[in-house]
Amino acid sequence: WSVPPEGVAACFPELVMLGEDCRFRGCTHLQEPDCAVRKALDGGHLPPSRYESYRVLREEAIGGAR
């Protein structure tokens, strides 16, 4: 569907909103410290299924970008 890996989060409105509070502007929400998305996930404020969908689609976008 030709979305670059860094654009996948924009397809998830809740990630866009939560991501505004991440420590780093280009946060991938996968491993960076102080990631607001992962904090919301760990705190039960983001459904695991939404995060998993994001993670899978981002990985597919990386594979397609090669």
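Treat the numbers as computed from the prediction; the structure is a model and nothing was measured.
- What you find for Leu18 and Ala40 is that their closest heavy atoms are CD1-CB, 3.7 Å.
- Atom OH of Tyr54 and atom CG of Leu30 lie 5.0 Å apart (nearest 0.5 Å).
- For Glu52, the salt bridge (charged side-chain N to carboxylate O under 4.0 Å, His left out) partners two or more places apart in sequence, or in a different chain, are Arg55.
- Note that the NE2 atom of His29 and the OH atom of Tyr51 stand 8.5 Å from one another [nearest 0.5 Å].
- Distance SG/Cys22 to CD/Glu32: 7.5 Å, rounded to 0.5 Å.
- With values rounded to the nearest 0.5 angstrom, Glu6 atom CD is found 11.0 Å from Thr28 atom OG1.
- The side chain to side chain donor-acceptor pair (under 3.5 Å) test applied to Arg23 returns Asp34, not counting sequence neighbours.
- Taking SG of Cys35 as the start and CZ of Phe24 as the end, the distance is 10.5 Å to the nearest 0.5 Å.
- Side chain of Arg50 to main chain of Leu15: no donor-acceptor pair is present (N/O by atom type, distance under 3.5 Å, no hydrogens or angles).
- Separating the CG atom in Leu57 from the CD1 atom in Ile62 is a distance of 11.5 Å, to the nearest 0.5 Å.
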